[in-house]
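No hydrogens, no waters, no symmetry mates; every other heavy atom, side chains included, goes into these values.
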Amino acid sequence: MPAHPDRSTPSDPDGDEVLRLHWSGPVGAAKVLGTMLRKLREERRLRLADVAPRIRASVSKLSRMERGENTPSKRDVNDLIAIYGVGPDVRAYVDVLLERVIAGPFAAEYADITPGWFRRMIGLEVESARIQYWEGGVVPGPLQTSAYARRMIRAGLPRAPEEEIERRVSQRMDRTRLLDDAERTVVALLDESVLYRNSGGPQVMIGQLEHLKELGRRPNVNVAILPFTADLTPPAGAFTHLAFEYGGPSDVVYVEGPGIGATYLSKDPDVERYADLLNTLLFHVADYEVGLALIDKAIGIHHDRMRDPGQ
């Protein structure tokens, strides 16, 4: 069906008012972009079922994209714009919105607190189809509660002013939107010791562990615990394996360094080595029900600490 000519609607580049009213951050930009994509589709009298297969997506994924409930990939949005046949002005406006949505946690207001080596990681997370985290010390950032994140950030930056701490907490909470996209699989492999660390005090830990239980009920999130009883010496450092949709970038492994900085591995032998390590860890983790029991046990210990701080 031929594309309609661009019209003066809130989905057109004349919608500066839309930006002023709704673009309070990446979430607001996602809502504006989603509304724009929906109106462009409806103007061309196309159904979700007509468009979704053409961008290799399910109807539900496209619907969530139009509602601004997930972070779309550049590839998907560019494909949609090509399908709708929009003019250069609308395309430029879409590019601005998309940049804002994907920039998210390292957008302009966070630029001064986001080192360059970490910006790449955040961008890769947004574009990924599957993320696997291994952590032996703390809960991975996108799975943290705000109270837990605040404690972690303050411990790492004891001299930072309160305003900076809160901005960093907001940035980390922005990353939690990764978990809202049902098309993205997130696996968090945690050493059992993470459950017992008294990070921020018992109340903070109880809230964090309850949050992990809630996340583990989502069909796209797997919170797996490597128990103390596993016949395996866990890796000393944290790392993340990121995989992408077919036709996208090659897999990448992000390895945190002991100091400031990180290493990105993309060569096949390196990636395969970490993939094998993840498979070994997954073989030894507790099954779902046992993992829940381990979390509940840790919650009970933190409750005991609240009653008797001397424990």
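Minimum heavy-atom separation, Leu190 to Pro140: CD2-CD, 3.4 Å. Annotation for Val255 and Tyr274: closest pair CG2-OH, 3.7 Å, computed over non-hydrogen atoms. Considering all non-hydrogen atoms of both residues, Leu281 and Pro235 come closest at CD2-CD, 3.8 Å. Ser199 and Val204 make their closest contact through O-CG1, 3.5 Å (heavy atoms, listed as atom of the first residue, atom of the second, distance). Shortest non-hydrogen contact noted between Pro142 and Thr176 is O-CG2, 3.4 Å. Gly216 and Tyr288 make their closest contact through O-CE1, 3.8 Å (heavy atoms, listed as atom of the first residue, atom of the second, distance).
Annotation: Arg273, atom CZ; neighbour count of heavy atoms from other residues, nucleotides and ligands within 6.0 Å is above 12. Other residues, nucleotides and ligands contribute more than 12 heavy atoms inside 6.0 Å of the CD atom of Glu166. Summarising the local packing, NZ of Lys297 is surrounded by 12 or fewer heavy atoms from other residues, nucleotides or ligands at distances under 6.0 Å.
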**OP:** Show the numbers, then the answer: is there a side-chain contact (heavy atoms from CB on, under 4.5 Å) between Trp117 and Tyr254?
**Re:** CA-CA 10 Å; Trp117 56 266; Tyr254 166 87; 3.3 Å; yes
**OP:** Apply salt bridge (charged side-chain N to carboxylate O under 4.0 Å, His left out) to the pair Glu163 and Arg167, showing each step before the final yes or no.
**Re:** CA-CA 6 Å; Glu163 179 183 357; Arg167 290 176 63 216; 5.5 Å; no
**OP:** Assess whether side-chain contact (heavy atoms from CB on, under 4.5 Å) is satisfied between Arg91 and Val94, documenting all intermediate values.
**Re:** CA-CA 5 Å; Arg91 178 178 288 274; Val94 167; 5.6 Å; no
**OP:** For salt bridge (charged side-chain N to carboxylate O under 4.0 Å, His left out), just list the numbers for Arg64 and Asp180, CA-CA rounded to whole Å, side-chain angles, deciding distance to a tenth of an Å, and then say yes or no.
**Re:** CA-CA 10 Å; Arg64 287 193 300 275; Asp180 296 334; over 6 Å; no
Original post:
Would Glu164 and Asp112 satisfy side-chain contact (heavy atoms from CB on, under 4.5 Å), going step by step from the backbone distance to the final call?
Top reply: CA-CA 10 Å; Glu164 180 182 343; Asp112 61 320; over 6 Å; no
**OP:** Under the salt bridge (charged side-chain N to carboxylate O under 4.0 Å, His left out) rule, what do Lys61 and Glu245 come out as? Steps first, then yes or no, please.
**Re:** CA-CA 14 Å; Lys61 177 180 180 179; Glu245 293 181 348; 3.0 Å; yes
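The pair Arg47-Asp50 counts as a salt bridge, with a side-chain nitrogen and a carboxylate oxygen less than 4.0 angstrom apart. By the 4.0 Å N-to-carboxylate-O rule, Glu272 lies too far from Lys267 to be salt-bridged with it. Look at Glu43 and Lys39 and you find no salt bridge, because none of the NZ, NE, NH1 or NH2 atoms lies under 4.0 Å from a carboxylate O.
Counting only distance, with no hydrogens or angles, the side chain of Arg41 and the backbone of Leu46 share a donor-acceptor pair below 3.5 Å. Here the side chain of Glu192 pairs a donor or acceptor atom with the backbone of Phe228 at under 3.5 angstrom. The closest donor-acceptor contact from the side chain of His241 to the backbone of Trp134 lies at 3.5 Å or more, if one exists at all. Remark: side-chain polar atoms of Gln144 are paired, donor with acceptor, to backbone N or O of Val139 under 3.5 angstrom. Looking at Arg218, its side chain does come within 3.5 Å of a backbone N or O of Leu179 through a donor-acceptor pair. Judged purely by atom type and a 3.5 angstrom limit, Tyr264 uses its side chain to pair as donor or acceptor with the backbone of Met121. When atom types are taken as modelled, the side chain of Arg38 and the backbone of Glu66 share no donor-acceptor pair closer than 3.5 angstrom. When atom types are taken as modelled, the side chain of Arg197 and the backbone of Val138 share no donor-acceptor pair closer than 3.5 angstrom. A donor-acceptor pair is defined here as one N or O able to donate and one able to accept, closer than 3.5 Å; no such pair exists between the side chain of Gln208 and the backbone of Leu195. Proximity of a side-chain donor or acceptor of Arg44 to a complementary backbone N or O of Leu40 within less than 3.5 Å is detected.
Counting only heavy atoms from C-beta outward, the side chains of Arg168 and Arg172 never approach each other to under 4.5 Å. Two residues are said to be in side-chain contact when any heavy atoms from C-beta on lie closer than 4.5 Å; His303 and Met205 fail this criterion. With a 4.5 Å cut-off on side-chain heavy atoms, Glu210 and Ile295 do not count as touching.
To the nearest 0.5 Å, atoms CD1 (Ile81) and CG (Asp95) are separated by 8.0 Å. Interatomic distance, CG of Leu97 versus NZ of Lys31, reported as 14.0 Å (0.5 Å rounding). Separating the CG atom in Asp79 from the OH atom in Tyr84 is a distance of 10.5 Å, to the nearest 0.5 Å. Distance check: Ile299 CD1 to Leu209 CG gives 5.0 Å after rounding to the nearest 0.5 Å. Within the model, atoms OG of Ser128 and CZ of Arg130 stand 10.5 Å from one another, a figure rounded to the nearest 0.5 Å. Atom CG in Leu294 sits 10.0 Å away from atom CG in Leu226 (nearest 0.5 Å).
Hydrophobic clustering places Tyr148 together with Met306 (ILVMFWY residues linked when any side-chain heavy atoms are closer than 4.5 Å, directly or through intermediates). Clustering ILVMFWY residues whenever any of their side-chain heavy atoms sit less than 4.5 angstrom apart, transitively, puts Ile301 in a cluster other than the one holding Leu292. Cluster membership for Val187 and Ile131, using ILVMFWY side-chain heavy atoms within less than 4.5 angstrom, is not shared. Transitive grouping of hydrophobic side chains (ILVMFWY, heavy atoms separated by less than 4.5 Å) keeps Leu178 and Phe239 in distinct clusters. Hydrophobic clustering (ILVMFWY, side-chain heavy atoms < 4.5 Å, transitive): Leu189 and Val253 are in one cluster.
A donor atom on one side chain and an acceptor atom on the other are found under 3.5 Å apart for Arg67 and Ser63. Looking only at atom types and distance, the side chain of Gln171 has a donor-acceptor partner in the side chain of Thr114 under 3.5 Å away.
Across Arg175, Arg184, Arg177, a single residue satisfies side-chain hydrogen bond (donor to acceptor under 3.5 Å, both in side chains) together with Glu125, and that is Arg175.
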